[in-house]
Colleague: 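Please see the structure below; I have some questions.
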Amino acid sequence: MSDRPLVLIPGRIHLRVRERIADRFELLETTDATAAEVASEQLHQVRGAAVSGRFPAALIERLPKLEVIGSFGVGYDGVDVRAAAARGIIVTNTPDVLNDEVADTTIALLLNTIRRFHFAERYLRDGRWETEGAFPLSPLSLKGRKVGIHGLGRIGLEIAQRLVPFKVDIAYHTRRPRADVGFAHHDTLVGLARAVDILISIVPSTPETQGSINAEVLAALGPNGVLINVGRGSTVDEPALIAALQNGTIAAAGLDVFADEPRVPQALIDLPNVSLIPHVASASVPTRNAMADLVVDNIVSWFEKGRPLTPVPETPYPNT
Ligand code: NAP
Ligand code: 8YV
């Protein structure tokens, strides 16, 4: 038997992760996070794992020798970190390497939502420019707006810095104000929504953020308001958002993330005042390659040097 550690990949993952894991370790692949098709004896040999998506407590329980889980993405809400921490298993994520891509996408989604370029392009492609004349003026503009950022972490700060040259006012809401920025901090999300007319959400999925962009926050954003969500779908009360877009409580929304991906409510798709993209904020070849490398580099570093590169705060290393 090989003395190379056995690493599990439950379900689909970026090809580069799979190739690099197979080069360096023994690889065990399962169709999904239940690993139902694999005998317990084999799962008992697993020492590492790389995952994109779900890694539930039930799977952790079936892996008594598991030491490290490399999660693809900076958000790791699919991994049961409490179950991992209780067993002393390190969980790693892929922070920073995607900041620029996600921030660039956010600016593109914001402009698209406000100026309706997706509909304008379809108008051209359908030949309507020639037959019907100029595309209708966009009712909304970025000019003179106030932008509120919900979450001013690694990515939120990159978004804020990109917005400065657009000459908009910038404010933010986090639980703790940052000492290193000059943007106005609001103690509450509803207070921020009241003060701005664009709200950009880039917070993790946690019990606290779940449904926090609700009917009250949308009403506070107001009839000229624009919501952009690039964080997690769970942050938004989706039925409340649909109602707000239908009845003019807010003006428009741009969404990269949804409550029940990849299912997107038909009511959202039918709306004329939304721009919808399928969770692609980090989805360029260079950025996804960098994320894949960081997943594998964490696992390699754990088995070669005994320490991870980017452990999540719930499973810190060293564990003091
Ligand atoms: P980060 O550096 O940890 O920043 C998170 C920010 O959210 C911090 O400013 C934090 O400030 C704030 N926050 C956390 N909980 C909050 C709460 N209950 N209320 C208000 N603010 C809260 O994370 P990041 O690297 O910027 O990534 C953020 C998230 O974006 C990820 O977790 C992921 O879910 C999402 N994401 C999505 C995509 C995509 O493809 N669409 C790509 C990358 C990331 P405080 O702790 O002071 O509250
Ligand atoms: C990825 C993301 O699309 O990093 C994150 O948190 O949401 C995205 O970059 C996702 O993690 C991979 O499926």
Side-chain angles (χ1 to χ4, degrees), residues 9 11-17 33 50-55 70-79 81 91-110 148-162 171-181 183 185-193 199-214 217 228-236 254-259 261-262 276-292 294-295 310-314:
I9 297 183
R12 294 172 63 159
I13 202 160
H14 192 287
L15 192 59
R16 188 168 173 131
V17 175
V51 66
S52 179
R54 286 184 63 245
F55 208 102
S71 182
F72 185 89
V74 66
Y76 48 91
D77 40 289
V79 180
V81 281
V91 177
T92 67
N93 65 342
T94 62
D96 292 320
V97 293
L98 41 49
N99 292 353
D100 289 331
E101 204 71 73
V102 177
D104 291 349
T105 307
T106 306
I107 302 300
L109 182 58
L110 171 62
I149 305 186
H150 178 214
L152 199 72
R154 289 168 295 237
I155 300 170
L157 187 59
E158 289 292 340
I159 295 169
Q161 286 166 345
R162 277 161 178 71
Y172 71 105
H173 164 64
T174 51
R175 290 165 301 178
R176 293 167 293 268
R178 287 183 69 131
D180 58 346
V181 299
F183 309 123
H185 178 262
H186 288 258
D187 289 335
T188 64
L189 179 54
V190 75
L192 176 68
L199 183 64
I200 298 177
S201 183
I202 182 71
V203 290
S205 174
T206 65
E208 214 178 339
T209 58
Q210 172 94 27
S212 56
I213 300 182
N214 55 20
V217 169
I228 303 296
N229 189 12
V230 281
R232 281 290 181 266
S234 59
T235 305
V236 175
L255 309 172
D256 180 49
V257 288
F258 302 87
E261 297 173 9
L276 309 173
I277 53 176
H279 203 146
V280 291
S282 68
S284 72
V285 169
T287 295
R288 287 287 171 89
N289 281 346
M291 292 162 65
L294 189 49
V295 171
T310 51
V312 304
E314 294 87 343

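Predicted model only: the values in this text are computed from it and were never measured. One-based numbering, in listed order, for ligands and for the atoms of each.
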Colleague: Side chain, backbone, both or neither: which part of Leu98 has a heavy atom under 4.0 Å from ligand 2?
Modeller: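 Side chain only.
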
Colleague: Between Arg162 and Asp100, does any side-chain N to carboxylate O distance fall below 4.0 Å?
Modeller: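 Salt bridge: yes.
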
Colleague: Counting non-hydrogen protein atoms only, what is the nearest one to atom 27 (O) of ligand 1? Give residue, atom name and distance.
Modeller: Ile155 CD1, 3.6 Å

Colleague: Tell me every residue that passes ring pair (Phe, Tyr, Trp, His ring centres under 6.0 Å) with His279, counting only those two or more places apart in sequence or in another chain.
Modeller: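 Here no residue qualifies.
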
Colleague: Among all protein heavy atoms, pick the one closest to atom 4 (O) of ligand 2 and tell me residue, atom and distance.
Modeller: Val74 N, 2.8 Å

Colleague: Using a 4.5 Å cut-off on heavy atoms from C-beta on, say whether the side chain of Val91 contacts that of Glu314.
Modeller: no

Colleague: With heavy-atom distances below 4.0 Å as the criterion, list the atoms of ligand 2 near Met291.
Modeller: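 Taking each heavy atom of Met291 in turn, ligand 2 has 9 (O) under 4.0 Å.
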
Colleague: Is the closest side-chain donor-acceptor distance between Ser284 and Thr287 under 3.5 Å?
Modeller: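 Note: Ser284 and Thr287 side chains meet the donor-acceptor criterion.
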
Colleague: Using side-chain heavy atoms (C-beta onward) and a distance below 4.5 Å, is Asn289 in contact with His14?
Modeller: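 Heavy-atom side-chain distance check passes, below 4.5 Å.
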
Colleague: Starting from atom 16 (C) of ligand 1, which protein heavy atom do you reach first, and at what distance in Å?
Modeller: Arg175 NE, 3.5 Å

Colleague: Quick one: look at His279 and ligand 1, take heavy-atom pairs under 4.0 Å, and tell me if it's side chain, backbone, both or neither.
Modeller: side chain

Colleague: Could you tell me which atoms of ligand 1, counted from 1 in the order shown, lie closer than 4.0 angstrom to a heavy atom of Val257?
Modeller: 41 (N)

Colleague: Taking 4.0 angstrom as the limit and counting only heavy atoms of Arg232, give me the atoms of ligand 2 inside it, by number and element.
Modeller: 2 (C), 5 (C), 6 (O), 7 (O)

Colleague: Among all protein heavy atoms, pick the one closest to atom 28 (C) of ligand 1 and tell me residue, atom and distance.
Modeller: Ile202 O, 3.7 Å

Colleague: Starting from atom 35 (C) of ligand 1, find the nearest protein heavy-atom neighbour and note its residue, name and distance.
Modeller: Gly231 O, 3.5 Å

Colleague: Counting heavy atoms only, which part of His14 comes closer than 4.0 Å to ligand 2: side chain, backbone, both or neither?
Modeller: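 Within the 4.0 Å criterion, His14 makes no contact with ligand 2.
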
Colleague: Please report the interatomic distance NE2(His173) to OG(Ser201), rounded to the nearest 0.5 Å.
Modeller: 9.5 Å

Colleague: To check your reading of the model: name the closest protein heavy atom to atom 44 (C) of ligand 1, its residue, and the distance in Å.
Modeller: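 Looking at atom 44 (C) of ligand 1, the protein heavy atom closest to it is Val74 CG1, 3.2 Å.
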
Colleague: Can you tell which of Ile277, Val312, Val203, Asp256 gets a heavy atom nearest to atom 29 (C) of ligand 1?
Modeller: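 Residue with the shortest heavy-atom distance to the ligand atom: Val203.
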
Colleague: Is a side-chain donor or acceptor of Asn93 paired with a backbone partner of Val74 at a separation under 3.5 angstrom?
Modeller: yes

Colleague: With a heavy-atom distance limit of 4.0 Å, tell me whether Arg154 approaches ligand 1 through its side chain, its backbone, both, or neither.
Modeller: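 It is both parts that get close, each with some atom under 4.0 Å.
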
Colleague: Output the list of atoms in ligand 2 that are nearer than 4.0 Å to some heavy atom of Arg288, sorted by atom number.
Modeller: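 This gives 1 (C), 3 (O) as the contact atoms.
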
Colleague: Counting from 1, what ligand 2 atoms have a heavy atom of Ser282 closer than 4.0 Å?
Modeller: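 Under 4.0 Å from Ser282, ligand 2 has these atoms: 1 (C), 3 (O), 8 (C), 9 (O).
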
Colleague: Report yes if some heavy atom in the side chain of Ile200 is under 4.5 Å from a heavy atom in the side chain of Ile159; otherwise report no.
Modeller: yes

Colleague: Give the atom numbers and elements of ligand 2 that come within less than 4.0 Å of a heavy atom of Ser52.
Modeller: 13 (O)

Colleague: Near Gly73, which atoms of ligand 2 are under 4.0 Å from a heavy atom of that residue?
Modeller: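 The atoms of ligand 2 under 4.0 Å from a heavy atom of Gly73 are 4 (O), 5 (C), 11 (O).
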
Colleague: Between Gly75 and ligand 2, is there a nitrogen or oxygen pair with a distance under 3.5 Å?
Modeller: yes

Colleague: Please write down residue, atom name and distance for the protein heavy atom closest to atom 4 (O) of ligand 1.
Modeller: Gly153 CA, 3.2 Å

Colleague: Can you name the one residue among Ile228, Ile213, Ile149, Asn229 that meets side-chain contact (heavy atoms from CB on, under 4.5 Å) with Leu199?
Modeller: Ile213

Colleague: Is Glu101 salt-bridged to Arg288, going by a charged N under 4.0 Å from an acidic O?
Modeller: no

Colleague: What is the nearest protein non-hydrogen atom to atom 12 (C) of ligand 2, stated with its residue, atom name and distance?
Modeller: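 Here the nearest protein heavy atom works out to Phe72 CD2, 3.7 Å.
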
Colleague: Within ligand 2, which atoms have a heavy atom of His279 less than 4.0 Å away?
Modeller: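 Answer for ligand 2: 2 (C), 3 (O), 7 (O), 8 (C).
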
Colleague: Relative to atom 32 (O) of ligand 1, which among Gly151, Pro95, Pro204 owns the nearest non-hydrogen atom?
Modeller: Pro204

Colleague: Fit a plane to each ring of Tyr172 and Phe183, take the angle between them on a 0 to 90° scale, and name the class: parallel (under 30°), tilted (30 to 60°) or perpendicular (over 60°).
Modeller: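 Taking Phe183 first and then Tyr172, their aromatic rings stand perpendicular (interplane angle over 60°).
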
Colleague: List every atom of ligand 1 that sits less than 4.0 Å from any heavy atom of Leu152, numbering the atoms from 1 in the order shown and giving each element.
Modeller: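 Atoms satisfying the 4.0 Å criterion: 9 (O).
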
Colleague: Tell me: protein heavy atom nearest atom 37 (C) of ligand 1, and distance?
Modeller: Val230 O, 3.0 Å

Colleague: For ligand 1, which atoms sit closer than 4.0 Å to a heavy atom of Glu208?
Modeller: 18 (N)

Colleague: CD1/Ile202 to CG/Leu157 distance, rounded to the nearest 0.5 angstrom?
Modeller: 12.0 Å

Colleague: Does only the side chain of Val102 get under 4.0 Å from ligand 1, or the backbone, or both, or neither? Count heavy atoms.
Modeller: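 It is the side chain that gets close, since no backbone atom is under 4.0 Å.
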
Colleague: Side chains of Ser205 and Ser234: do they bring a donor and an acceptor to under 3.5 Å?
Modeller: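 Note: Ser205 and Ser234 side chains meet the donor-acceptor criterion.
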
Colleague: Show the atoms of ligand 1 that are less than 4.0 angstrom away from any heavy atom in Arg176.
Modeller: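 Contacts of ligand 1 toward Arg176, numbered from 1: 45 (P), 46 (O), 47 (O).
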
Colleague: Applying a 4.0 Å heavy-atom criterion (strictly less than), which segment of Val280 is in contact with ligand 1: side chain, backbone, both, or neither?
Modeller: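 For Val280, no heavy atom sits under 4.0 Å from ligand 1.
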
Colleague: Return the closest protein heavy atom for atom 10 (C) of ligand 1 as residue, atom name and distance.
Modeller: Thr174 CG2, 4.3 Å

Colleague: With a cut-off of 4.0 Å, which atoms of ligand 1 are near a heavy atom of Ala281?
Modeller: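 Here the atoms of ligand 1 in question are 39 (C), 40 (O), 41 (N).
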
Colleague: Crowded around Arg178 CZ? As in, over 12 foreign heavy atoms under 6.0 Å?
Modeller: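 Atom CZ in Arg178 is crowded, with more than 12 foreign heavy atoms closer than 6.0 Å.
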
